[in-house]
2 protein chains.
Amino acid sequence: MNEAVVLTPERILEATEDVLRRFGLAKATVVDVARALDVSHGSVYRHFPSKASLRDAVAKRWLDRANEPLCKLAIGSGPAPERLEKWLRTAFAIKQKKVCDDPEMFATYLALAQDAREVVEAYKDKQVELIGRILSDGVAQGVFQIDDVKMTARAVFDATVRYHHPAHAEEWAKPECPARIDALLALVLRGLEAPRKH
Amino acid sequence: MNEAVVLTPERILEATEDVLRRFGLAKATVVDVARALDVSHGSVYRHFPSKASLRDAVAKRWLDRANEPLCKLAIGSGPAPERLEKWLRTAFAIKQKKVCDDPEMFATYLALAQDAREVVEAYKDKQVELIGRILSDGVAQGVFQIDDVKMTARAVFDATVRYHHPAHAEEWAKPECPARIDALLALVLRGLEAPRKH
DNA sequence: GCGCTGACAGATTTCAATATCTGTCATACA
DNA sequence: TGTATGACAGATATTGAAATCTGTCAGCGC
């Protein structure tokens, strides 16, 4: 009854992530995953109905891990504008770090995002929900003036696509990027602000 | 001395656009273009140093044509916020129309945009310049409050990438799109506004 | 019985031979 | 002299046969 030799979805995902990192999305096969686990590929199909579902599960794990620090930021306390700015900057930084450190997984994510698949949609919705939470706090604090929080959260997400959508990843390394991010965030934050009492 | 049989860059571009439309970017060859003009492909190389330069020239023509109505809007008169909104909505509409009506040329443009090639950079800079012009008008009218017009124009361009960058074209047809555009534009315009005197 | 195996059919990918294309240039023609 | 040609070398794309992969399932061993 050695725990290590029991074939669990978790172990399969682990192995799949390794295989994807090693061979890349294009080359990785279910047979490779099975080989890495020293089982037949039929066994893998006992836990995941298709290669696509396996790939999606890996992507979900990867995205969830990447999202963790953002969840913490969203439920934090303090002035909403600062928190939103920090949240967005962190989101950009996480993506930028991933694209450098884990390019194979990032390419996988890019492929997924381009297919506009379910997993990515769910992930985006989660992001928008987190933004919405900060916006609500801001409204409660009287620093944001917003009609429809959900729609505005979506608008904030849309306005910042350029710095979190993998399709634009190539541009993130350019030297003028930080200044452009500053300008964009300033514009967005001003758009949310309640009129100043001075 | 029949004008019609003189081989000019203009005639070559015309033919190239036809060939691209007919075969698509992937299949179109310089030989096809030469055949369409009933000349040898060597003659084409007399006017364009490479296939890439020919493709870029076609793209430039296509982009310039698409840009024309936007230039007119930018130099118009009237309240800047309305003009900016109209300008952005027109920009979105043009792109959306192109992606429906002229999908082959749009695919060519997408390929160019993904390569981040010179022609597209110049086109983007032109767009930002036009936005900047409207923003300046707004500052003069006292309806916009902006520190750095150039940077802010860039920020407005960046904030709206989702609806003019071809990488996101698939999403433009979705039913929730118009509402999201409304929310985004409202956010951006509020971010530009000078504080209200009430 | 339960979980795994491995053979299998059909779909997809690889690979190398073949064909086509790009870009050059010596030559022809007007 | 200025413009177009077509043959050519090297690079790239196409093709079809062979190899590999995906997903299924009857059966094996614990």
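This is a predicted model, so every value here is computed, not measured. Side-chain atoms are counted along with the backbone in the values below, which use heavy atoms only and exclude waters and symmetry mates. Quick note on labels: first sequence line is chain A, next is B, and so on, each numbered from 1.
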Return the value, rounded to whole Å, for the distance between atom CG of B/Leu54 and atom C1' of C/dC21.
14 Å

Output the rounded distance in Å from CZ (B/Arg46) to P (D/dA4).
7 Å

Looking at B/Arg180 and A/Asp158, what are the two nearest heavy atoms and their distance?
NH2-OD1, 2.6 Å

Is any side-chain N of the basic residue among A/Asp182 and A/Arg89 closer than 4.0 Å to the acidic one's carboxylate O?
yes

If the plane angle is over 60° it's perpendicular, under 30° parallel, otherwise tilted; pick one for B/Tyr123 and B/Tyr109.
perpendicular

Ring centers of B/His168, A/His168 separated by less than 6.0 Å:
yes

Nearest heavy atom decides the nucleotide; on that basis, is A/Lys51 or B/Ser43 closer to the 5' end of DNA chain D?
B/Ser43

For the pair B/Asp56 and B/Arg61, find out whether any cationic side-chain nitrogen is under 4.0 Å from an anionic carboxylate oxygen.
no

A/Arg55 CZ to D/dT22 C1': how many Å, rounded?
14 Å

Give the minimum heavy-atom separation between B/Ala57 and B/Leu13, together with the two atoms involved.
CB-CD2, 3.6 Å

Distance check needed: C/dT14 P versus A/Phe23 CZ, whole Å only.
13 Å

Return the residues of residues 25-41 of chain A meeting this criterion: a heavy atom under 4.0 Å from some atom of DNA chain D. Order them by number, or give none.
A/Thr29, A/Val30, A/Val31, A/His41

Starting at atom CZ of B/Phe48, determine the distance to atom C1' of C/dT24, rounded to an integer number of angstrom.
18 Å

Can you check the A/Tyr45 OH to D/dT22 P distance for me, whole Å?
5 Å

